[in-house]
Protein chains: 2
Amino acid sequence: MTAEGVARRATIREVAEAAGVSRSTASRALTGHGYVAPQVRDRVRAVAHDLGYVPDATARHLRRQASQSIGVLLSDLNNPFYAGLAAGISQQARKRRYTMMLADDGGSSGLEAEAAETFVALRVAGVIVTPVSAELGAYLSRQRIPVVEVDRQFSAGACDAVLVDNGSAAQRVTQRLIEIGHRRIALVIDEMHWTTGRDRLAGYRSAFAAAGLPLDESLVVTAGWDVEAARVEIRALLTRPDPPTAVFAANNVLAEAAFRTAAELGLAVPGRLSLVSFDDVPWMSMVTPGVTAVRQDTVALGEAAVSQLMERIQSPLAPVRTVLLSASLVERGSTAPPS
Amino acid sequence: MTAEGVARRATIREVAEAAGVSRSTASRALTGHGYVAPQVRDRVRAVAHDLGYVPDATARHLRRQASQSIGVLLSDLNNPFYAGLAAGISQQARKRRYTMMLADDGGSSGLEAEAAETFVALRVAGVIVTPVSAELGAYLSRQRIPVVEVDRQFSAGACDAVLVDNGSAAQRVTQRLIEIGHRRIALVIDEMHWTTGRDRLAGYRSAFAAAGLPLDESLVVTAGWDVEAARVEIRALLTRPDPPTAVFAANNVLAEAAFRTAAELGLAVPGRLSLVSFDDVPWMSMVTPGVTAVRQDTVALGEAAVSQLMERIQSPLAPVRTVLLSASLVERGSTAPPS
DNA sequence: CCTCCCTATGGGATCGATCCCACATCGGCG
DNA sequence: CGCCGATGTGGGATCGATCCCATAGGGAGG
């Protein structure tokens, strides 16, 4: 009954004609801006409803020069960390009546550039990104599009960021391992130039420094992003003549690699090897023993990113801000004093 | 150097003026449609590049009455199944130069309606949805927007769908349990009105029928969507005087509930209880023993949905089609003959 | 009684890109 | 020499919604 069998979608002009008013009046009636007689307003709205009229967001955007959507660029939706981030952003964006254009690069900066241009073309109100370089931030700033970097920071001072306090969390978890008696604690990390890696490494170091203990630099292993390569590195680490008694994996992918490798080598956890992870994902609470992990609230992270972006859209000239969210330590069975 | 310190973003008019040509010529030079002298074309393109010109997709869309973006509505990004689906859709959409507007309802049909209207407002070229009712399909069809239902089907005959062959897969996995000697096989299912539930139930039944075995209807447990309620149901099932020797969980959330409940009750898997899951997610290969599961290729599912949507956009009047993808059975340690 | 303001409404321009159509130029051919 | 077609280019309308501005009617106050 509503808009049944209509060849084309109704426009505001058709609504206006059907209601016997001008486009201007119809617009005022529908948007609620400006003078309209109450009865005219109701009639126009009724007609619009009957015709199944839905205003064209593109046309509105073009005229108003302000869009109601944000661009979101994440690394990898198959990783629960980023998926949770997307979920948080999505919830919060919807609450604020924004739509979300989502893209995921596979950590590739070529796709990052492509996505950036798409966002500019769509004239999004702002962009949230887990960056892989400083380029996206610089490019979008030049195009006058607000950017919030989330999880990682590449453009400190140039654009807002919402991060987890990687340093303190890494220090805390390392300190915990030291407290229960570990001295040979390996850090398996993706890389050390991004803020995530750098800060987690720094936290790990400062735990040793605070405890006044020497640090065996050979226990810091850079495993990169390739899972297979990481497993080879970890296997080499665990089969050394002087193996670590605990492994601190700097992200969930590396924790998985460490967990599987320990199982393959028949190293009992936590009997022969303690394991902790930065980033808590579902499997860590499913396995026996559970894996002790630093829990980042991804949904809160996403929500904070949206909030920060909205503030930036409101006040383009406000000072740049970096928001730090704290992480919590979830202790499970994978940690015990060394034997 | 490029567009540095420009107050406003460059428009095609500014590019045209800077290149000393008309808007029309600039448009032809940039889009490649129509006659342009090669040297003029190159000059215009060079100028556009220097000005950091990015065409306004909204304006283009308004004029062409055809958008380059698709709407995607999924249930829950925190569930790896939907996240994988999103990843597949995203990849394939990018390949075809489409952008993706993503929304997730929490399985709520109120949000479904809201999202539908947003998609209409944005005049997306098409929509991919994991539906929770037939309403979205009906509404968008009335608005002449192509819809592809994915994973579940509510609008059979009215719009395209891309589904997993739930029936065969469920039959196969049930048959496998019967082969190794199980007779009391419980099916723990979310609900039975959606196609996913209905077809999985049907597959389960037909395995019994094919084997000429009677089916104890009391072993079919409808656990709904609430995780806590599901755990209560499963606990009741497993503590019956005549408990099942195997549990077939119809989705990954229920499998998690079953796995945890079995652990709480101290039921050895697979010694006392065999467990199989429909839907393979990461933790199932991390735990010991691994969980035997029906593996749905979520990425392929997402890609197929995009392909189907693109065909529909090309040929709006082609007959409606339902694409069925097969699933594979991944046998792990959670299944063994009953003791 | 006239002016002024308030309430309502309509006309037309505008946002940025596209594209139809008109027109201009030039070479070739009858 | 004139006409035609091929090659290029520019003007103006258009997509749909918004919003400034003009205008009209009516009531109140001087």
Side-chain angles (χ1 to χ4, degrees), chain A residues 6-45 47-48 51-68 117-118 120-125 143-144, chain B residues 6-45 47-48 51-68 117-118 120-125 143-144:
Chain A
V6 182
R8 276 165 43 76
R9 242 187 304 270
T11 68
I12 200 172
R13 165 163 253 131
E14 283 149 20
V15 171
E17 282 170 9
V21 297
S22 69
R23 285 163 307 132
S24 310
T25 303
S27 174
R28 280 190 298 263
L30 295 170
T31 60
H33 294 308
Y35 288 121
V36 208
Q39 80 190 56
V40 172
R41 172 166 51 69
D42 295 344
R43 190 173 75 239
V44 172
R45 290 189 177 174
V47 168
L51 292 177
Y53 171 73
V54 178
D56 186 326
T58 18
R60 170 178 291 168
H61 168 197
L62 180 61
R63 173 64 229 244
R64 288 200 176 151
Q65 294 293 88
S67 111
Q68 283 286 317
E117 191 154 328
T118 303
V120 174
L122 291 166
R123 304 295 193 257
V124 294
Q143 296 279 351
R144 305 274 178 278
Chain B
V6 181
R8 277 165 41 75
R9 242 187 304 270
T11 67
I12 200 172
R13 166 164 250 129
E14 283 149 19
V15 172
E17 283 170 9
V21 296
S22 69
R23 286 163 306 132
S24 311
T25 303
S27 173
R28 280 189 299 263
L30 295 169
T31 60
H33 294 310
Y35 287 120
V36 207
Q39 81 191 55
V40 172
R41 172 168 49 71
D42 294 344
R43 190 174 75 239
V44 171
R45 291 190 175 172
V47 168
L51 292 177
Y53 171 73
V54 178
D56 186 326
T58 17
R60 169 179 292 170
H61 168 199
L62 180 61
R63 174 64 230 246
R64 288 201 178 150
Q65 294 293 92
S67 107
Q68 282 287 316
E117 190 154 326
T118 302
V120 174
L122 292 165
R123 304 295 192 258
V124 294
Q143 296 280 351
R144 306 274 177 278

J.: Calculate the interatomic distance between B:Y35 atom OH and C:dC23 atom C1'; express it in whole Å.
T.: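 Taking OH of B:Y35 and C1' of C:dC23, I get 15 Å after rounding.
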J.: Quick check on DNA chain D: between B:R28 and B:R123, whose nearest nucleotide comes earlier from the 5' end?
T.: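 Whichever sits nearer the 5' end wins; that is B:R28.
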J.: In this structure, how many angstroms lie between the C1' atom of D:dG16 and the CG atom of A:L30, rounded?
T.: 13 Å
J.: Tell me whether the side-chain N/O atoms of B:T25 come closer than 4.0 Å to OP1 or OP2 in D:dG10.
T.: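 Result: yes.
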J.: Could you check which of C:dA17, D:dT9, D:dA17 has an atom nearest any side-chain atom of A:R23?
T.: D:dA17
J.: Taking only side-chain nitrogens and oxygens of B:R64, does any of them come within less than 4.0 Å of OP1 or OP2 of C:dC19?
T.: yes
J.: I need the CG-C1' distance between B:L62 and C:dC15, as an integer number of Å.
T.: 9 Å
J.: Got a donor-acceptor contact below 3.5 angstrom from the B:R9 side chain to the A:Q143 backbone?
T.: yes
J.: Taking CZ from B:R13 and P from C:dC15, how many angstroms apart are they, rounded to a whole number?
T.: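 So the two atoms are 8 Å apart, to the nearest Å.
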J.: Can you measure B:R41 atom CZ to D:dT9 atom P for me and round it to whole angstrom units?
T.: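 The distance from CZ of B:R41 to P of D:dT9 comes to 11 Å, rounded to the nearest Å.
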J.: Does the A:R28 side chain pair with the main chain of A:Y35, one donor and one acceptor, at a distance under 3.5 Å?
T.: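 Between the backbone of A:Y35 and the side chain of A:R28 there is a qualifying donor-acceptor contact (under 3.5 Å).
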J.: Of A:V44, A:V47, A:L30, which meets side-chain contact (heavy atoms from CB on, under 4.5 Å) against A:Y53?
T.: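 It is A:L30; the other options fail the test.
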J.: From CD of A:E14 over to P of D:dC15, roughly how many Å is that when rounded to an integer?
T.: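 It works out to 11 Å between those atoms.
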J.: Would the base of C:dG16 count as contacting A:R63 through its side chain, where contact means a donor and an acceptor less than 3.5 Å apart?
T.: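 No such pair is found, so the answer is no.
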J.: Has the side chain of B:E14 got a donor or acceptor atom that lies under 3.5 Å from a matching backbone atom of B:T11?
T.: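 At least one qualifying donor-acceptor pair exists.
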J.: Between C:dC19 atom C1' and B:I12 atom CD1, what is the distance in whole Å?
T.: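 B:I12 atom CD1 is separated from C:dC19 atom C1' by 12 Å.
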J.: Would you tell me if any nitrogen or oxygen in the side chain of B:Q65 comes within less than 4.0 Å of OP1 or OP2 on D:dT14?
T.: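 No, outside the criterion.
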J.: Give the rounded distance in Å between these two atoms: CG of A:D56 and P of C:dC15.
T.: 18 Å
J.: What is the nucleic acid contact for B:T31, judged by heavy atoms within less than 4.0 Å: base, sugar-phosphate only, or nothing?
T.: sugar-phosphate
J.: Report yes if at least one side-chain N or O of B:Y53 is closer than 4.0 Å to OP1 or OP2 of C:dA17; otherwise report no.
T.: yes
J.: Which of these nucleotides, D:dT9, C:dA13, C:dC19, is closest to any side-chain atom of B:H33?
T.: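 Nearest to the side chain of B:H33 among the choices is C:dC19.
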J.: Considering heavy-atom distances to DNA chain D, does B:S24 or A:S27 have its closest nucleotide positioned more toward the 5' end?
T.: B:S24
J.: What closest approach, in Å, do B:A29 and B:V36 show between heavy atoms, and which atom pair accounts for it?
T.: N-CG2, 3.8 Å
